[in-house]
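Below, chain A is the first sequence line, B the second, and so on; all start at residue 1.
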2 protein chains.
Amino acid sequence: MRKPTLEEVAIEAGVSKMTASRALRGSADVSKETRERVIEAATRMSYVGNRLALSLSSQRTNLVAVVVPSMSNIVFPEVLAGISAGLDGSGMQAVFGISDYDVAKERDIIRDMLSWQPCAIIVTGLDQPEETVKLLQHANIPVIQLMDLDGTPIDLNVGLSHGGAGEDMARALVGAGRRRFGYVGSALEKDLRAGKRKAGFERVLHSYGLHFVNQSVDDAFSSIALGKRLTLAMLAAVPDLDCIYYSNDDMASGGLFACMELGVAVPEKILIAGFNGLDLVNSLPAPIATSRSPRRAMGEVAAQLVRQAVAGAQDARQKTVVFKPVITGIDGYDDAPDEPETARLRP
Amino acid sequence: MRKPTLEEVAIEAGVSKMTASRALRGSADVSKETRERVIEAATRMSYVGNRLALSLSSQRTNLVAVVVPSMSNIVFPEVLAGISAGLDGSGMQAVFGISDYDVAKERDIIRDMLSWQPCAIIVTGLDQPEETVKLLQHANIPVIQLMDLDGTPIDLNVGLSHGGAGEDMARALVGAGRRRFGYVGSALEKDLRAGKRKAGFERVLHSYGLHFVNQSVDDAFSSIALGKRLTLAMLAAVPDLDCIYYSNDDMASGGLFACMELGVAVPEKILIAGFNGLDLVNSLPAPIATSRSPRRAMGEVAAQLVRQAVAGAQDARQKTVVFKPVITGIDGYDDAPDEPETARLRP
DNA sequence: GTGAAAGCGCTAACAT
DNA sequence: ATGTTAGCGCTTTCAC
């Protein structure tokens with residue numbers, strides 16, 4: 001039992017393919033009776049249109065390709081949820097691919113996705129190698145680079161400056177009186193944005209004549225367990241730190257648990273600072289500092305830009321939307337409470 | 001500058017469309033020189049094949065449709081990562097949709113995905129309403145219902161019994177000497193699997209002549225913050241519980257943090273039990289009980305089944321793969337020490 | 001308001 | 001080893 005085609009539905013309803021097509025798409029100029037007859041036939045036959053044919057014929061698709069590096073960190077699913085929600089009601093459909101932080105795999109996934117002729121593509125970060133950039137440019141569709149701003153965008157760009165986030169956090173922590181800093185991170189050669197935060201943090205430390213007293217970076221991906229393990233080791237070696245900066249909140253939470261296990265007072269003795277502003281952080285048994293990255297909002301804004309660009313808005317290309325992360329969890333420090341993101345045009 | 005078609009590449013290389021097609025797909029019977037000439041032309045022109053045309057013409061796609069209820073709980077992204085990894089190298093591509101725990105939205109998403117003529121579809125749970133089931137059956141492709149086993153499968157089924165997981169946990173906790181139980185959950189009318197766990201848990205309690213001394217169920221989705229809030233309220237009302245069962249580990253972790261804030265000893269005074277075996281649980285400052293659900297493995301197995309079914313394996317339909325969650329975090333209780341989840345077939 | 005013809009970009013099947 | 005013909009299922013365009 002093969003699936004019914006539009007033609008079969010049309011025959012069943014006693015009309016031509018064309019009329020059936022119009023009726024099912026709710027075109028204005030089809031008589032009410034005809035329309036009802038067609039719809040009845042389609043329903044009875046469990047007709048499901050063939051989008052391959054539709055898109056090939058009409059030369060447009062409702063597909064928005066999205067490539068993220070990972071699904072193991074809640075951050076990216078949240079971005080995807082934002083994109084998906086932002087696309088809701090537009091008739092567009094997001095298609096997700098996972099690159100595993102691998103540039104070659106990312107290139108292949110992008111190539112594969114482009115072959116489906118998406119109407120737009122959203123990728124993570126702006127550090128794609130030249131070959132991938134060329135691929136993206138040749139596609140001739142809106143390209144959105146998401147989550148990061150530190151680099152040269154191809155087309156649209158939505159995100160925050162990770163270098164800036166690191167700088168701001170360092171300033172806040174030094175301002176809070178901390179001087180003996182440690183750094184705990186993971187997979188920095190893959191997670192480039194974490195590296196940019198670290199670099200920004202160090203720039204500010206140096207400007208104060210300070211530096212990381214101790215650093216510990218593992219090859220594995222970030223996790224609470226890893227953060228805990230590295231922190232236990234670091235505090236065994238260098239007990240007199242007064243602040244540890246982590247590559248993200250997962251690692252930082254592990255750091256907090258390590259301190260609790262060692263009986264080290266947080267934040268009195270050691271201040272723990274991460275990045276992301278995960279839900280988790282608000283419920284932890286002790287306060288840790290973090291920069292809140294608006295993950296869902298970035299996804300929603302990206303979806304919004306896609307909708308505008310696809311709708312053909314003139315000013316919907318070559319634009320950059322800047323988010324500013326808000327720092328929380330540092331006693332006495334108050335960062336412009338929940339300031340909304342600003343969108344500024346690029347020169 | 002429109003995108004080049006196969007025909008244009010063929011002309012450029014001085015051959016026919018067909019030869020170009022064969023050359024690019026690596027068909028055996030194309031002379032080496034011709035192949036190289038075609039590939040060179042395609043590369044130079046940045047040719048990207050049009051999968052719409054390919055799939056329409058060849059009557060097959062490499063798309064595997066996947067529908068999950070949410071992206072806000074790390075559990076589903078982990079399943080997706082498993083599916084994606086399991087599909088790697090097969091040439092198949094997963095396409096994800098999010099239903100937001102809404103059956104109507106799920107139906108629409110499934111309909112939309114089916115219109116792309118996927119070669120298989122994976123959905124979450126087996127509680128789809130009749131209309132959705134009909135849609136799935138009419139698609140005439142392998143259907144995999146994932147994560148749950150408690151119900152009647154349409155075709156393939158991979159998961160664990162949530163009712164059974166609740167029962168096992170209750171038996172383990174009663175066996176550990178607990179008697180005064182509380183229950184803290186959320187969104188049970190949407191998260192049916194959590195409801196099944198609760199029901200299973202209660203069945204066993206009743207068989208021991210026990211019951212939940214107190215229950216607290218919120219409409220909002222599960223989160224650490226919600227688990228903490230509900231637990232604080234419950235312990236204020238009923239301080240003499242000796243165990244609380246939560247709808248999942250997020251809620252349970254919040255419960256632990258609530259206990260810590262109140263100075264209630266965990267697990268000595270109150271035993272906290274959740275579900276999922278999240279990474280987080282292993283790093284928490286106090287042990288909590290949980291049933292480890294093999295999320296990534298379920299995704300990988302589902303992908304495996306899809307590959308077999310699409311490859312046309314005869315025994316690749318109407319099959320059920322059963323996973324057995326392992327209970328951890330109960331002192332003195334050892335559930336087949338880290339035995340790999342068994343996948344066994346059901347008649 | 002409805003229909004017929006042409007074609008989207010590719011591959012399957014059959015030439016040669 | 002290469003080319004030709006005929007679609008795949010739909011929409012676009014133009015006719016009536």
Peer 1: Of A:V30 and B:L52, whose closest DNA chain C nucleotide lies nearer the 5' terminus?
Peer 2: A:V30
Peer 1: When all nucleic acid strands are considered with a 4.0 Å heavy-atom cut-off, which category describes A:D29: base, sugar-phosphate, or nothing?
Peer 2: base
Peer 1: Run the salt-bridge test on A:R37 and A:E12 with the 4.0 Å N-O cut-off and return the result as yes or no.
Peer 2: no
Peer 1: Please determine, for the side chain of B:M18, which listed nucleotide (C:dA12, C:dT2, C:dC10) has the closest atom?
Peer 2: C:dA12
Peer 1: Determine: side-chain N/O of B:R51 to OP1/OP2 of C:dC10, distance under 4.0 Å, yes or no.
Peer 2: no
Peer 1: Taking the minimum atom-to-atom distance to the side chain of A:R60, which one of D:dG9, D:dT12, C:dG3 wins?
Peer 2: D:dT12
Peer 1: Is it the case that the base of D:dG7 and the side chain of B:S57 share a donor-acceptor contact (distance under 3.5 Å, atom types as modelled)?
Peer 2: yes
Peer 1: Using only atom types and a distance under 3.5 Å, with no angle test, would you say the side chain of A:T43 pairs donor to acceptor with the backbone of A:I39?
Peer 2: yes
Peer 1: Could you tell me whether the phosphate oxygens of C:dG3, OP1 or OP2, come under 4.0 Å of any side-chain nitrogen or oxygen in A:T19?
Peer 2: yes
Peer 1: Quick check on C:dC10: is either OP1 or OP2 less than 4.0 Å from any side-chain nitrogen or oxygen of B:Y47?
Peer 2: yes
Peer 1: Any donor-acceptor pair, under 3.5 Å, between the side chain of B:R22 and the base of D:dG3, if you only look at N and O atoms?
Peer 2: yes
Peer 1: Does a distance-only test, which skips hydrogens and angles, find a donor-acceptor pair under 3.5 Å between the side chain of A:R35 and the base of C:dG1?
Peer 2: no
Peer 1: Please determine if a side-chain N or O atom of B:S21 lies less than 4.0 Å away from the OP1 or OP2 oxygen of C:dT11.
Peer 2: yes
Peer 1: Measure the distance from CD1 on A:I11 to P on D:dC10 and round it to the nearest whole Å.
Peer 2: 12 Å
Peer 1: Using the side-chain heavy atoms of A:L6, tell me which of these nucleotides is nearest: D:dT2, D:dT11, C:dT2.
Peer 2: D:dT11
Peer 1: Of the nucleotides C:dT2, C:dG9, D:dC10, which has the atom closest to the A:L54 side chain?
Peer 2: D:dC10
Peer 1: Using 0.5 Å steps for rounding, measure from the CD1 atom of A:I154 to the CG atom of A:L126.
Peer 2: 8.5 Å
Peer 1: Closer to the 5' end of DNA chain D via nearest nucleotide, is it B:R37 or B:L56?
Peer 2: B:R37
Peer 1: When you measure from the side-chain N and O atoms of B:S31 to the phosphate of D:dT2, is any distance below 4.0 Å, counting only OP1 and OP2?
Peer 2: yes
Peer 1: Tell me which of B:K17 and B:A20 sits closer to the 5' end of DNA chain D, going by the nucleotide each one is nearest to.
Peer 2: B:A20
Peer 1: Between B:R22 and B:D29, does any NZ, NE, NH1 or NH2 come within less than 4.0 Å of an OD or OE carboxylate oxygen?
Peer 2: no
Peer 1: Mind checking if B:T34 touches a base, just sugar-phosphate, or nothing, with heavy atoms under 4.0 Å?
Peer 2: sugar-phosphate
Peer 1: With under 30° as parallel and over 60° as perpendicular, where do the rings of B:F96 and A:F96 fit, or are they tilted in between?
Peer 2: tilted
Peer 1: To the nearest angstrom, how far is A:N62 atom CG from D:dT11 atom P?
Peer 2: 13 Å
Peer 1: Check the phosphate of C:dG9 against A:Q59, side-chain N and O only, distance under 4.0 Å to OP1 or OP2. Yes or no?
Peer 2: yes
Peer 1: Tell me: CD of A:Q117 to P of C:dG9, nearest whole Å?
Peer 2: 9 Å
Peer 1: Under a 4.0 Å threshold between the charged nitrogen and the carboxylate oxygen, would A:E300 count as salt-bridged to A:R296?
Peer 2: yes
